[in-house]
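In what follows, a structure is listed as structure tokens, so that the remarks can point back to it.
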Amino acid sequence: MNPEIYQSLQRALDHYVDSRKKVIPEFLERRLSLRECFEIQKKFLWKDLIRNPLNAVWAIPALSIRKAIEVADKLGWEPAKAFLPKIPQAFRTDFQKELEKILATDLLGLSPEPGAKSQWIRELEKEAAIKKAFGAQWDSFLLLLENEIRSEIHEQSVKHTHFTDLVSSTGILLVADQMFGDRSLDIFGIGKKIASLWAQRDAEKSFFLGKSLGKAFYKVAPAPPPTNLQIFFATGLAILALALVSTLIGVLSHPLQKKLGFRQKQLETMVDNVGHRLFLCMNRSLKKLKATGEIGKLAL
């Protein structure tokens, strides 16, 4: 690569990455505070109360399947990699989508308005050699770079969401162990167990010799099985509890990790990854233009 182009790219990248890292502390205080996260979640609460428990229930099975496929791949089973993309992904919550938008605009400087210049474009335009090299391909090149930034944001967001879903899913196992001494129960198994407790309580109350003797009797005798209605309401109650807990975990995870210092390190890593992806994307684009003969004399 022509040294002038390389130096121009490196300057633009360095200025962009440095400027984004400088705003991280202020961004964390202003946009990822406890109050702000609750305000964001309030806008999308009802939709996310449906998606969050589904994601929590799926988190551990999905992780187990991925690990099994990775082991199979390491053992030499060639078709294994083809199965990874086929594993169903978690539902993207509106809370997650909104945070991705905030990361794109407030942290990485992308413009929320179509056609408006982002922070990255302004840095690139300071380097005349880069724009001259791309010529007529400039606009499509900028769009390609912006897509790279958004892809990195999405990947980091998915990783964070997978973590919170896994915490919620693990919580199901801990609740099952504490309440029923059984870590193998899923949310539906917990619902059935609760319904069985309700059925036993009703049987004790209606025992013909009184409730006290009913308790003693049903310690040695099997209680009547729960009704379908009891199972339905108990399972619904368990799912609602999971929805509230998983949503709360998702909201609290950001300010809590901010307090512990983890979130700043995560965002710094994300900004570095963006810089790396942009540099690779620009190199590929320049090589492609050279191969097609469309690049300017300064480029290579």
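For residues 187-208, there are no salt bridge (charged side-chain N to carboxylate O under 4.0 Å, His left out) pairs, not counting sequence neighbours. Residues in residues 266-275 take part in these salt bridge (charged side-chain N to carboxylate O under 4.0 Å, His left out) pairs, two or more places apart or across chains: Lys21-Asp272. Listed by first and then second residue, the salt bridge (charged side-chain N to carboxylate O under 4.0 Å, His left out) pairs that reach into residues 219-239 come to none, sequence neighbours excluded. Sorted by first then second residue, the salt bridge (charged side-chain N to carboxylate O under 4.0 Å, His left out) pairs that include residues 29-46, not counting sequence neighbours, are Glu26-Arg30, Glu29-Lys258, Arg30-Asp106, Arg31-Glu36, Arg31-Asp106, Glu39-Lys42.
Contact record, Ala238 with Ile187: O-CD1, 3.4 Å, taken as the closest heavy-atom pair. Between Met179 and Ile194, the shortest heavy-atom contact is CE-CG1, 4.4 Å. Scanning both residues, Leu145 and Leu278, for their nearest heavy atoms gives O-CD2, 3.5 Å. Closest heavy-atom contact between Leu124 and Ala12: CD2-CB, 4.0 Å. Residues Ala56 and Ser246 approach most closely at CB-CB, 4.4 Å, considering heavy atoms. The two residues Ala234 and Ala195 come nearest to each other via the heavy atoms CB-N, 3.7 Å.
For Arg51, the salt bridge (charged side-chain N to carboxylate O under 4.0 Å, His left out) partners two or more places apart in sequence, or in a different chain, are Asp48, Asp94. Under the rule for a salt bridge (charged side-chain N to carboxylate O under 4.0 Å, His left out), Arg122 has no partner lying at least two apart in sequence or in another chain. Scanning for ring-ring contact (aromatic ring centres under 6.0 Å, His included) contacts around Phe141 gives Phe134, Trp138, with sequence neighbours left out. Remark: Asp18 engages no residue in a side chain to side chain donor-acceptor pair (under 3.5 Å) (not counting sequence neighbours).
Here the side chains of Leu108 and Tyr16 are in contact, with some heavy-atom distance below 4.5 Å. The closest side-chain heavy-atom distance from Thr227 to Phe232 is not below 4.5 Å. The closest side-chain heavy-atom distance from Leu248 to Phe38 is below 4.5 Å. Counting heavy atoms from C-beta outward, Lys126 and Arg11 have side chains that stay 4.5 Å or more apart. Ile65 places a side-chain heavy atom less than 4.5 Å from the side chain of Trp58. Gln156 has its side chain out of reach of Leu103: every pair of non-hydrogen atoms, C-beta onward, lies at least 4.5 Å apart. For the pair Leu197 and Phe180, the minimum side-chain heavy-atom distance is below 4.5 Å.
Once rounded to the nearest 0.5 Å, the distance linking OG1 of Thr247 with CG of Leu252 reads 10.5 Å. Between Leu242 atom CG and Ser169 atom OG the span is 8.0 Å, to the nearest 0.5 Å. Distance CE/Met282 to OG/Ser8: 10.5 Å, rounded to 0.5 Å. Rounded to the nearest 0.5 Å, atoms OG (Ser157) and CD (Glu152) are 11.0 Å apart. Taking CD1 of Ile102 as the reference point, atom CD1 of Ile153 lies at 11.5 Å (rounded to 0.5 Å). In this structure, Asn55 CG and Ile50 CD1 are separated by 12.0 Å, a value rounded to the nearest 0.5 Å.
With hydrogens and angles disregarded, a donor-acceptor distance shorter than 3.5 Å links the side chain of Thr235 to the backbone of Ile231. Between the side chain of Arg277 and the main chain of Ile149, no donor-acceptor pair closer than 3.5 Å is present.
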task = Would you sort out whether His162 and Leu166 count as a side chain to side chain contact (heavy atoms under 4.5 Å, CB included), showing the intermediate values?
result = CA-CA 6 Å; His162 281 171; Leu166 195 60; over 6 Å; no
message = Checking His254 against Leu99 for the side chain to side chain contact (heavy atoms under 4.5 Å, CB included) test, could you report, in this order, the C-alpha distance in whole Å, the side-chain angles of both residues, the deciding distance, and whether it holds?
response = CA-CA 10 Å; His254 295 279; Leu99 280 182; 3.2 Å; yes
Test log, rule salt bridge (Lys or Arg N to Asp or Glu O under 4.0 Å), inputs Lys97 and Glu100 = CA-CA 5 Å; Lys97 293 175 186 176; Glu100 287 180 17; over 6 Å; no
request  = Output, in order, the C-alpha distance, side-chain angles, deciding distance and verdict of side chain to side chain contact (heavy atoms under 4.5 Å, CB included) for Val271 and Ile24.
outcome  = CA-CA 10 Å; Val271 172; Ile24 288 177; 4.3 Å; yes
request  = Could you check Arg92 against Thr161 for side chain to side chain contact (heavy atoms under 4.5 Å, CB included), going step by step and ending with a plain yes or no?
outcome  = CA-CA 9 Å; Arg92 288 181 70 204; Thr161 305; over 6 Å; no
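Hydrophobic cluster membership for Phe262: Leu256, Leu260 (Ile, Leu, Val, Met, Phe, Trp, Tyr linked by side-chain heavy atoms under 4.5 Å, directly or transitively). By the 4.5 Å side-chain criterion applied to Ile, Leu, Val, Met, Phe, Trp and Tyr, Val167 is assigned to a cluster that also includes Phe163, Val245, Ile249. Applying the 4.5 Å side-chain rule to ILVMFWY residues, one finds Leu45, Trp46, Leu240, Leu244 in the same cluster as Leu49.
Residue-environment remark: CZ (Phe44) exceeds the threshold of 12 foreign heavy atoms within 6.0 Å. Atom CZ of Phe233 sits in a sparse spot, with 12 or fewer heavy atoms from other residues, nucleotides or ligands closer than 6.0 Å.
Paired with Gln257 under the rule side chain to side chain donor-acceptor pair (under 3.5 Å), one option of Arg263, Gln264, Lys265, Gln266 passes, and it is Gln266.
Here Glu148 pairs with Arg284 in a salt bridge; the nearest charged N to carboxylate O distance falls below 4.0 Å. Ion pairing of Glu155 with Lys159 is absent here, as no side-chain N (NZ or NE/NH1/NH2) approaches a carboxylate O to less than 4.0 Å.
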Please output the side-chain donor-acceptor pairs of residues 210-217 that fall under 3.5 Å, not counting sequence neighbours, one pair per line with the distance.
none

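A continuous path of Ile, Leu, Val, Met, Phe, Trp and Tyr side chains, each step under 4.5 Å between heavy atoms, connects Leu110 with Leu142, placing both in one hydrophobic cluster.
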